[in-house]
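Report on the following structure.
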Amino acid sequence: MRHSPRFSGTPLKSLARIAHTRVGAIALEKILRADLGVDRLARLPDRFRLDVPLDTRPHPGRPPRQWASDDLEPVWRTWAPTSASLIAAYGDGSLSPRAVAEKALAEARRLAKLTPTVGPIYDFNDEVALAEAEASAARWREGRPLGPLDGVPWVVKEETAVHGLPRRAGTRFVPATPEPHDATAVARARAGGVITLGTSPMTEYGMTPNGANANRVMPHNPHAPGHIAGGSSTGSGVAVATGLVPFALGVDGGGSIRIPAALNGVFGIKPTWGRVSRSGDISTGTVAHVGPLANTVLDLAFALEAVSGYDGEDPQTLAAPYRDPGSFVGAVRRGVRGLVIGVPESEWSQASEPVARAGRAALAALEKEGAKLVPIRLELAEAALAIGVVVIAVEARASLRAEWSNHRAEMSDDLQVTFAALDGFSAVEYLDACRLRTGLRREMARTFQSVDLVALPSTVAPAARVSETDMRTGFLDASVINDLCRFCFLANLTGLPALSAPVGMSEDLPVGLQLVGDAWDEATVLSAAAHLERVGAAALRRPRIAASIVVPA
């Protein structure tokens, strides 16, 4: 498919001015429809259209899977400190949480000063972080840590509330007012002793996956600084990839956890819809999920354990079935014998050669370990990107009605163009996309009646090249959006858990494999990803630009 050229700098600013006119907005709408396949949705057969969704609860294909664990030891191959290695050092006194926090804050500032920048923190939380680290150090000295993450540092995407820090979601016009309370996910992590170093920069309102934002000095890809780091959880992905933190918090509405995970070579999971509370996050609508990125699957499991669970402030968490505490961490020991993995060849044929090669090699490694690969057909998967664009974009445009009315000129040029084009989408068109979404949910539920996982590429291609002008002004590039989101919206539209694992490199650029699980079955997703680590098919690789946070006590 041919796409429109990339726009940044002066051409992008001119395009934004054109978007302010009625004729220009109509023309841009037509271009957006063609570039992202939205105009093809109307031609899909009516058999794919089911009822308008009556709720957002994920539809499992079958009852929760019961697996006998092989009780395998967690194995990870990473040069960076993990939560387990930090905790072990705190326990034997060879490392102090205070020293780690101090060094991490200093390293974050060093990364920010590089040219091009790789700085993963936007608002720093020095005073509180150091106080919490001192309290953690005291608990370790007294032998009473709060849990397996006490004293471990992380960063939080700037759309999720951190007490005392602004929550500006990548904008320039939202006031820098300190938040009065933590978001539920942040509060739960803090209760376990996790230390919040600060908030990580994101693209404006999360409306682009490319990692560029004219309102921020955004970090480049630490593996290859002339390339994008992806988004919208850009800073969170870079923070983990550089080794600044073992895990970070992100939010995923159309791949915004899995895309930066894939491009930066880390692990990232979008949990089942309702698994993690969105209370305290700016996310509205029906596709955005809060979840972690991490440098190992064990860290991913620890982080997910820490932030998930029922929350009376978020009714979507009511649907989550009971699970045994520690089950996510326990899944890391399970292995993959007897696991059935569905492989949709129609989707894999759309991936670039390096992505397909690395992904298929990783799947072959699982097959050698006792998993079974079976071909499956997903008729609606190809349309997931277009359906997702209509759903997330129209919901965002509606939820930001006041901001668009009052602060349009203060928004970045790329967001102005996007939102102007969306004004031409009708309610009928949105509801038609919702009906197709129901068809996709039904198709995936049927698929999971016979398989345990669905394997997809995380992205079409590795990280795209980017210029300093692109990063400074933001940019619009439909081909980049397609390459990043092509395989991600399927899990957002269905609410199914999906994980990106770093399974290789294409020259200097990481490549990700995506594993999608049945509703509420993060455990199976984690067990397969952990086994990829165990056999050496997935691993965090040291980037060209890295941090060092370990300072002996």
Any donor-acceptor pair under 3.5 Å linking the side chain of [X] with the backbone of [Y]?
| X | Y | result |
| --- | --- | --- |
| His289 | Val287 | yes |
| Thr160 | Asp281 | no |
| Arg216 | Thr171 | yes |
| Arg168 | Val174 | yes |
| Ser233 | Val251 | yes |
| Lys270 | Leu496 | yes |
| Ser85 | Pro81 | no |
| Glu395 | Thr284 | no |
| Asp123 | Gly198 | no |

salt_bridge([X], [Y]) N-O dist < 4.0 Å:
| X | Y | result |
| --- | --- | --- |
| Arg323 | Asp521 | no |
| Arg333 | Glu73 | yes |
| Arg534 | Asp70 | no |

Could you give the distance from [atom1] ([X]) to [atom2] ([Y]), rounded to the nearest 0.5 Å?
| X | Y | atom1 | atom2 | result |
| --- | --- | --- | --- | --- |
| Leu165 | Arg167 | CG | CZ | 12.0 Å |
| Leu244 | Asn295 | CG | CG | 11.0 Å |
| Ser83 | Asp150 | OG | CG | 12.0 Å |
| Glu533 | Thr296 | CD | OG1 | 5.5 Å |
| Leu149 | Asp299 | CG | CG | 7.5 Å |
| Lys157 | Leu249 | NZ | CG | 9.0 Å |

* Under 3.5 Å side-chain donor-acceptor pair for Tyr90 and Asp92 ->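 Tyr90 vs Asp92: no donor-acceptor pair found between side chains.
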
* Asked: If we ignore angles and hydrogens, is there a donor and acceptor under 3.5 Å between the side chains of Glu159 and Ser283?
  ->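 Yes - a donor-acceptor pair under 3.5 Å links their side chains.
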
Side-chain heavy-atom pair [X], [Y] within 4.5 angstrom cut-off:
| X | Y | answer |
| --- | --- | --- |
| Thr494 | Val516 | no |
| Arg188 | Asp311 | yes |
| Pro510 | Arg541 | no |
| Met202 | Asn213 | no |
| Pro201 | Glu158 | yes |
| Trp154 | Pro246 | no |
| Pro120 | Ser200 | no |
| Met444 | Leu490 | yes |

Check the surroundings of atom [atom1] in [X]: do more than 12 heavy atoms from other residues, nucleotides or ligands lie under 6.0 Å from it?
| X | atom1 | answer |
| --- | --- | --- |
| Arg190 | CZ | yes |
| Glu127 | CD | no |
| Arg337 | CZ | no |
| Lys103 | NZ | yes |

Determine the minimum heavy-atom distance between [X] and [Y], stating which atoms define it.
| X | Y | value |
| --- | --- | --- |
| Trp140 | Pro97 | CD1-CG, 4.1 Å |
| Arg275 | Trp520 | NH2-O, 3.1 Å |
| Thr56 | Trp273 | OG1-NE1, 3.0 Å |
| Pro543 | Pro222 | CB-O, 3.6 Å |
| Leu298 | Ala84 | CD2-CB, 4.5 Å |
| Ile87 | Val152 | CD1-CG2, 4.0 Å |

* Asked: Which class fits the ring pair Phe173 and Tyr205: parallel under 30°, tilted 30 to 60°, perpendicular over 60°?
  ->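 Geometry flag for Tyr205 against Phe173: tilted rings.
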
Enumerate, atom names and distances included, each donor-acceptor pair closer than 3.5 Å involving a side-chain atom of residues 257-264, sequence neighbours excluded.
{"unit_1": "Arg258", "atom_1": "NE", "unit_2": "Asp252", "atom_2": "OD2", "d": "3.0"}
{"unit_1": "Arg258", "atom_1": "NH1", "unit_2": "Cys488", "atom_2": "O", "d": "3.1"}
{"unit_1": "Arg258", "atom_1": "NH1", "unit_2": "Gln514", "atom_2": "OE1", "d": "2.7"}
{"unit_1": "Arg258", "atom_1": "NH2", "unit_2": "Asp252", "atom_2": "OD1", "d": "3.0"}
{"unit_1": "Arg258", "atom_1": "NH2", "unit_2": "Asp252", "atom_2": "OD2", "d": "3.3"}
{"unit_1": "Arg258", "atom_1": "NH2", "unit_2": "Cys488", "atom_2": "O", "d": "3.3"}
{"unit_1": "Arg258", "atom_1": "NH2", "unit_2": "Asn492", "atom_2": "OD1", "d": "2.6"}
{"unit_1": "Asn264", "atom_1": "ND2", "unit_2": "Ala229", "atom_2": "O", "d": "2.8"}
{"unit_1": "Asn264", "atom_1": "ND2", "unit_2": "Pro260", "atom_2": "O", "d": "2.8"}

* Asked: Just one of Val276, Val186, Thr184 clears the side-chain contact (heavy atoms from CB on, under 4.5 Å) bar with Val290, so which one?
  ->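 Per the side-chain contact (heavy atoms from CB on, under 4.5 Å) rule, the option paired with Val290 is Val276, out of Val276, Val186, Thr184.
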
